Amino acid sequence: MKIYKRDDKWGVDYKNPITGKRMREVIGTNKKQAEDRLAKIRSEKMLYNTYGEKEYFANINKQTKQIRFSEMVTIYLEWAKSNKKSADRDRLSLSHWENFLVPPQRKVKFADMYLSEIIVKMIEDYKTERLRQIKPVAVNLIEKKTIKPATINRELACLKTLFSKAIEWGYTRENPVKKVKMFKEDNSRVRYLTQEEIDDLLKACGTLTTAKYLKPIVIVALNTGMRKTEILNLKWKNIDFPNNLIYIETSKNGEGAYITMNNTVKETLKNLSPIYELQNGSTVVSEYVFRGRNGDAQKSIRNSFEKAVKMARIEDFKFHDTRHSFASHLVMNGVDLVTVKELMRHKTIAMTLRYAHLSPKHKKEAVESLYKKKDGTNMAQVTSNQYVQKS
């Protein structure tokens with residue numbers, strides 16, 4: 001395994017570890033490029049010896065168009081920007097993949113590898129590495145954050161999509177993520193606010209003078225079940241006050257949807273104004289209900305919301321749980337599950353059934369109605385003379 005020079009060209013000379021065949025690659029007129037290529041081949045051999053999979057070099061030799069993972073990430077994110085609502089989340093997920101150092105030597109980053117070099121075992125190693133991080137990490141004296149299996153699943157799903165697109169665009173032939181199993185997720189969690197907690201949260205939101213937008217956002221969330229992105233991207237043109245309707249241009253499933261406003265939401269929105277004043281004293285009209293400093297959509301409420309939750313002394317509560325609160329209080333107020341399904345815009349009733357346990361009163365009333373006679377008596381209400389002891 002060495003570099004060589006012929007005429008004015010530099011190249012590398014090495015043996016394919018699978019076929020045993022001597023390989024000679026012409027690199028160019030730059031000796032440094034040939035040395036870099038030789039170092040890359042040595043790292044490839046090291047990885048092959050570690051993982052011992054024939055597909056490793058076999059896949060490399062099949063490729064007609066070699067591309068490194070970091071290059072593919074750039075191409076993919078450019079596409080995702082215009083085609084996926086989760087482009088920002090994908091960017092974060094792929095940054096974890098790019099910085100992953102492949103064991104055992106941990107000298108080679110995913111970012112520097114060719115797509116054809118990435119095999120199933122490496123992805124499994126990434127899963128193992130991330131799994132070790134599923135433990136509480138102190139953020140401050142009160143709050144703790146953790147990486148969950150669902151987070152790793154989203155990262156795997158993102159990588160799988162990237163490889164699918166790479167195949168579609170002719171950059172590789174295999175999608176190794178297809179052979180990797182996702183972690184089992186527990187989606188049954190239902191955290192909702194009690195009425196007392198709702199009062200405390202809204203009171204805390206109202207005290208944040210630097211985030212006056214927060215209280216109306218939380219009110220809309222608790223009374224409509226709308227998702228955070230749907231609320232932050234809400235435009236004035238999509239509010240129909242006469243008919244008490246809000247139109248969502250693009251919901252989670254990619255379709256439009258109508259939301260019914262109650263009087264609380266209607267009054268809250270009517271108290272807001274599309275007109276705002278700039279620092280120079282001039283006024284501007286924004287198309288967004290909840291606008292940022294430049295009149296565009298409010299980008300993030302995470303810090304202000306977490307601060308309000310902390311001030312209200314509410315534990316284990318995220319913004320998405322306002323949606324759970326909306327559904328839970330509907331059920332506890334006697335609304336049937338089919339109606340809740342429609343209001344929550346669930347695809348199947350199975351998604352709504354997680355709230356069924358919150359209506360024990362109605363279940364009790366249902367079973368109490370069994371076999372009642374016209375006079376109101378039941379099976380247990382029998383007179384003693386109905387059971388006469390025979391002599």
Side-chain angles (χ1 to χ4, degrees), residues 47 50-53 55-56 59 69-70 72-73 75-77 79-80 83-104 106 109-111 113-137 144-169 171-191 227-229 251-254 316 318-321 323-324 344-354:
L47 290 171
T50 299
Y51 291 103
E53 295 195 13
E55 290 85 352
Y56 184 77
N59 282 345
F69 184 75
S70 58
M72 187 62 217
V73 168
I75 296 170
Y76 172 82
L77 289 176
W79 168 84
N83 294 276
K84 291 190 71 181
K85 291 195 296 183
S86 61
D88 289 337
R89 187 177 65 191
D90 285 358
R91 186 184 303 278
L92 177 61
S93 294
L94 291 171
S95 69
H96 289 297
W97 285 106
E98 286 187 289
N99 293 318
F100 176 59
L101 291 168
V102 181
R106 300 187 183 279
K109 278 187 177 183
F110 244 55
M113 300 186 71
Y114 289 110
L115 291 186
S116 53
E117 296 176 315
I118 298 171
I119 58 174
V120 175
K121 182 61 168 61
M122 295 175 187
I123 300 171
E124 292 289 356
D125 285 340
Y126 176 89
K127 279 178 59 181
T128 303
E129 185 81 11
R130 290 290 273 163
L131 194 61
R132 292 195 187 105
Q133 299 174 30
I134 300 181
K135 56 184 179 181
V137 179
K144 289 186 177 181
K145 294 187 179 181
T146 179
I147 295 172
K148 298 181 180 179
T151 302
I152 303 175
N153 284 349
R154 299 297 84 75
E155 293 167 1
L156 287 167
C158 180
L159 184 67
K160 186 176 182 180
T161 304
L162 179 143
F163 267 97
S164 296
K165 286 299 173 184
I167 293 172
E168 181 182 331
W169 297 332
Y171 291 113
T172 191
R173 298 183 182 183
E174 302 290 336
N175 188 340
V177 194
K178 285 186 176 181
K179 298 178 182 179
V180 178
K181 288 186 177 180
M182 300 279 190
F183 289 113
K184 186 175 181 181
E185 297 180 33
D186 180 12
N187 294 319
S188 60
R189 177 186 183 276
V190 176
R191 169 66 169 105
R227 299 176 177 89
K228 180 168 64 176
T229 54
S251 60
K252 184 180 179 181
N253 59 15
D316 187 30
K318 299 177 181 178
F319 189 88
H320 188 75
D321 293 328
R323 187 167 158 81
H324 291 315
M344 289 289 285
R345 293 167 285 144
H346 286 158
K347 288 185 176 181
T348 65
I349 193 67
M351 299 175 71
T352 318
L353 288 175
R354 68 172 71 179

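Given the structure is predicted, the values throughout are model-derived calculations rather than measurements.
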Output yes when a side-chain donor or acceptor of [X] lies under 3.5 Å from a complementary backbone atom of [Y], and no otherwise.
| X | Y | result |
| --- | --- | --- |
| Asp90 | Leu77 | no |
| Asn153 | Phe183 | yes |
| Trp97 | Phe110 | no |
| Arg191 | Asp316 | yes |
| Lys165 | Ile75 | no |

* side chain to side chain contact (heavy atoms under 4.5 Å, CB included) between Arg130 and Phe100: does it pass, once the steps are laid out? -> CA-CA 10 Å; Arg130 290 290 273 163; Phe100 176 59; over 6 Å; no

Heavy-atom closest pair, residues [X] and [Y]:
| X | Y | result |
| --- | --- | --- |
| Arg323 | Met344 | NH2-O, 2.6 Å |
| Pro103 | Asp125 | CG-OD2, 3.7 Å |
| Asn175 | Ser164 | ND2-OG, 3.2 Å |
| Leu162 | Phe69 | CD2-CE1, 4.0 Å |

Below 4.5 Å, heavy atoms only, C-beta onward: do [X] and [Y] meet side chain to side chain?
| X | Y | answer |
| --- | --- | --- |
| Met72 | Trp169 | yes |
| Leu92 | Ser95 | yes |
| His324 | Arg354 | yes |
| Lys109 | Glu98 | no |
| Val102 | Met113 | yes |
| Tyr126 | Leu159 | no |
| Lys228 | Lys318 | no |

Which distance, rounded to the nearest 0.5 Å, do you find between the [atom1] of [X] and the [atom2] of [Y]?
| X | Y | atom1 | atom2 | value |
| --- | --- | --- | --- | --- |
| Ile123 | Thr128 | CD1 | OG1 | 12.0 Å |
| Arg154 | Met182 | CZ | CE | 7.0 Å |
| Arg89 | Thr151 | CZ | OG1 | 9.5 Å |
| Ser70 | Leu115 | OG | CG | 9.5 Å |
| Tyr114 | Tyr171 | OH | OH | 14.5 Å |
| Lys179 | Glu174 | NZ | CD | 6.5 Å |

* NZ/NE/NH1/NH2 to OD/OE distance under 4.0 Å, Glu124 and Lys121 -> no

